[in-house]
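This chain uses plain numbering: 1 for the first residue, then up along the sequence. Note that ligands are numbered from 1 as they come in the structure, with each ligand's atoms numbered from 1 the same way.
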Amino acid sequence: MMGGPMHRMMQNTEEEKAANNMAVVRRLVQYLKPYWLSVLGAFVMILVTAFSQAIGPLLIGRAIDEFITVGDRTGLARIMLMLFGVYSLNLVGMRYQIYWMNYAGQNVLADLRAKIMKHIQSLSLQYLEGSEAGDLMSRLVNDVDTINTFFSQGISQMIGATFSLLGIVIAMFSVDWRLALATLAIVPVMLLTTERFSKMARQAFRRTRTTIGDVSADLQEELGGVKVAQAFNRTEENVSRFTERNAANRDANVQANAVTSAFAPAMDVLSTIDTAIVAGFGGYLAINGALTVGVVVAFLQYVQNFFRPINTVAQLWTVAQSAFAAAERVFDLLDMEPEITDAPDAIEQPEITGKVVFDNVTFGYDSDLDVLRNVNLEVEPGKMIAIVGPTGAGKSTMISLLPRFYDVDEGTLSIDGYDVRQVTQNSLRTQMGMVLQEPFLFSGTVMDNIRYGSLTATDEEVIGAAKAANAHEFIMRMPEGYATDVGERGNLLSLGQRQLISIARAILANPRILILDEATASVDTRTESLIQEALDHLLKGRTSFVIAHRLSTIRNADLVLVMDHGEVVERGTHNDLLRQGGLYMDLYNRQFYVPQEETSKEVVGQNGH
Ligand code: ADP
């Protein structure tokens, strides 16, 4: 599944490309269906424009041959009036074809964005964790934008130009086929030139898109990981990698521009040659009396009008190409099946008491490597389970099975007697709360962020939860209290504050089962004890699974599970385990050795070696 986008980028053959374009176009057309009326309107306007462009030069030709040369003033005035009408029609046609097409296009985009949003939420963590978040962002923002450009200025002009061309060609042949043939002799040359250019442009634009993806992934990573980078003294390397990627993107853009900007002058040269052909050959025919001067003038106009739409199509072709590529990537994303789906006959999980049973559970992220092996565990409602073990032992994996972020490979996981695969994800997850190390806050107010736990909660209930979570005090000290905007991803708050808010959120949600990944990062002692107190409050009476780093938590736990290499190797209370003198005792000695065990701050650090 993860191979999708990369794989797509590597396929190159022209036929595949064309087939893909067709498939993408067909899908985009599906999206246009609800707006067929404005599409139809745009199409009618396109025909009007094409017609007026074909007819205009003919009227000028007639004016010369039938009225100017014989001195018929009223005839001339009449035909000029007609010409005025035709050109007005042309203007109206252009205006409305763009307007209506744009209307449909913007609606399609809005639909597409809504669909993407909804889809992302249904995707498994596996996908979201696996792809660089920055690349995903770049894909959504840039690609939707590129499709937008195509809809708002590309598509109607392209179709319009094609029809204008058709109209002009028909008009030329109906007036004089010899001159028409001579004029169109240049078309093969033009097509070859265009083909070459668009090939180069396609390659250049593909490079700009992949390189901008790298750049924004870098930026995104940098923003998220600036502290880590500084701590590990990696800033130099990061900066130089970024400089490289940034330069690659610049070069790709410069090159893409070089290609596109050379196209118009090349077409100008061809247009000039064609004008000369018409004037020369047309003049020769006129001298021989084979056609009239008016026809030659009309053809001169056609040549001008002929190159304009071709220019338009060729230029927009590159826009279209990148829109197709963008749409393809968006569709790729939309096509990703969520790994975890509700069973067709899934039922609503009834209100639970919080009994959890792992029955011989085996699970691996990849089919060939088990991360959890034969895990057996029975937890009565309201009990607290502390999970300890070295890094990579499978602690996080074990708790991520509870909300069914992943499905077990063997065995069953059941809650209150229901296999988690039997019930809807929604009914399951709403009865579970999670408090993770890096609490996720949305941009929005503090109030919104807490209310996320229970959307129907009143302001008073939110404040009550904040009080229970020891968050009320610091919230009230902020400039706008509960109405304070937390900034993107909660960047304005300290880690400790974000944790208190996420605890408040969990208290508000009032779940029967709680999943907690105790923070390892140290916060100041006062916040630490506030958090501790809030957690005690939160955990009371709920079934809880805690990846424990604090000795006090482990001591309070009803059961401590010691995990190693995906297996539960020891279990019991803190004291039982110490007496057994196994891995637990080892870990304990390494991590929690504090001369005075009862010191207020017992956090010693990350598990592991
Ligand atoms: P712990 O929480 O005990 O540190 P984890 O459950 O995070 O351990 O990891 C257990 C094993 O599973 C590790 O070998 C880790 O590399 C692997 N693992 C964790 N998450 C993923 C994932 N999303 N995809 C693939 N492998 C993973």
Side-chain angles (χ1 to χ4, degrees), residues 1-6 120-136 217 221 224-225 228 336-340 356 358 361-377 384-411 413 420 425 432 434-440 514-521 544-551 553-554 557 559-571 577 582-584 586-588 590-592 603-609:
M1 175 176 106
M2 289 300 311
M6 279 317 289
I120 284 184
Q121 288 173 349
S122 75
L123 280 179
S124 78
L125 283 190
Q126 200 153 14
Y127 175 70
L128 296 176
E129 277 174 1
S131 69
E132 286 185 79
D135 187 46
L136 191 70
E221 206 175 280
V228 184
M336 278 174 185
E337 290 281 329
E339 297 245 297
I340 306 286
V356 176
F358 282 80
V361 166
T362 294
F363 167 78
Y365 294 96
D366 304 312
S367 48
D368 52 345
L369 186 71
D370 289 342
V371 173
L372 293 178
R373 251 185 317 275
N374 307 106
V375 173
N376 284 293
L377 176 69
M384 171 178 175
I385 310 299
I387 308 174
V388 300
T391 303
K395 304 182 292 295
S396 318
T397 304
M398 184 164 166
I399 60 169
S400 66
L401 296 181
L402 289 164
R404 205 177 161 217
F405 287 156
Y406 303 99
D407 270 341
V408 302
D409 293 329
E410 285 165 43
L413 167 59
V420 291
Q425 293 167 71
M432 268 181 216
M434 293 185 97
V435 177
L436 300 178
Q437 286 210 28
E438 271 291 332
F440 189 81
L514 199 81
I515 295 166
L516 178 66
D517 190 355
E518 243 178 13
T520 48
S544 55
F545 292 82
V546 185
I547 296 181
H549 301 296
R550 292 188 187 86
L551 186 54
T553 312
I554 299 174
L559 179 71
V560 180
L561 291 186
V562 185
M563 299 197 61
D564 194 21
H565 295 109
E567 287 179 78
V568 177
V569 291
E570 290 168 24
R571 66 178 80 200
L577 291 171
L583 177 63
Y584 182 77
D586 231 36
L587 287 170
Y588 172 80
R590 232 176 307 158
Q591 292 177 72
F592 298 118
V603 182
V604 180
Q606 174 64 282
N607 290 355
H609 318 275

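Looking at every heavy atom in both residues, Met563 comes nearest to Leu583 through O-CD2, 4.3 Å. When all heavy atoms are compared, the tightest approach of Leu413 to Leu401 is CD2-O, 3.3 Å. Closest non-hydrogen pair, Ala386 versus Ile554, comes out as CB-CA, 4.3 Å.
Every N/O-N/O distance between Thr391 and ligand 1 stays at or above 3.5 Å. Backbone and side-chain nitrogen or oxygen atoms of Val371 are examined, and none is located within less than 3.5 angstrom of a nitrogen or oxygen of ligand 1. In terms of polar-atom proximity, defined here as any N/O pair under 3.5 Å, Ile547 makes no such contact with ligand 1.
Ligand-side atoms of ligand 1 in range of Ala393: 1 (P), 3 (O), 8 (O), range being under 4.0 angstrom from any heavy atom. In the vicinity of Thr397, heavy-atom distances shorter than 4.0 Å reach the ligand 1 atoms 5 (P), 6 (O), 9 (O), 10 (C). Distances below 4.0 Å separate heavy atoms of Pro390 from the following atoms of ligand 1: 3 (O).
In this structure, Lys395 contributes its side chain and Pro390 its backbone to a donor-acceptor pair below 3.5 Å.
With atom 10 (C) of ligand 1 as the reference point, the heavy atom nearest to it among Ser396, Gly392, Ser400, Gly389 is part of Gly392.
Taking the six-membered ring where the residue is Trp, Phe363 and Tyr406 present tilted rings, their angle falling between 30° and 60°.
Side-chain contact between Met398 and Val361 is absent, with no heavy atoms from C-beta onward closer than 4.5 Å.
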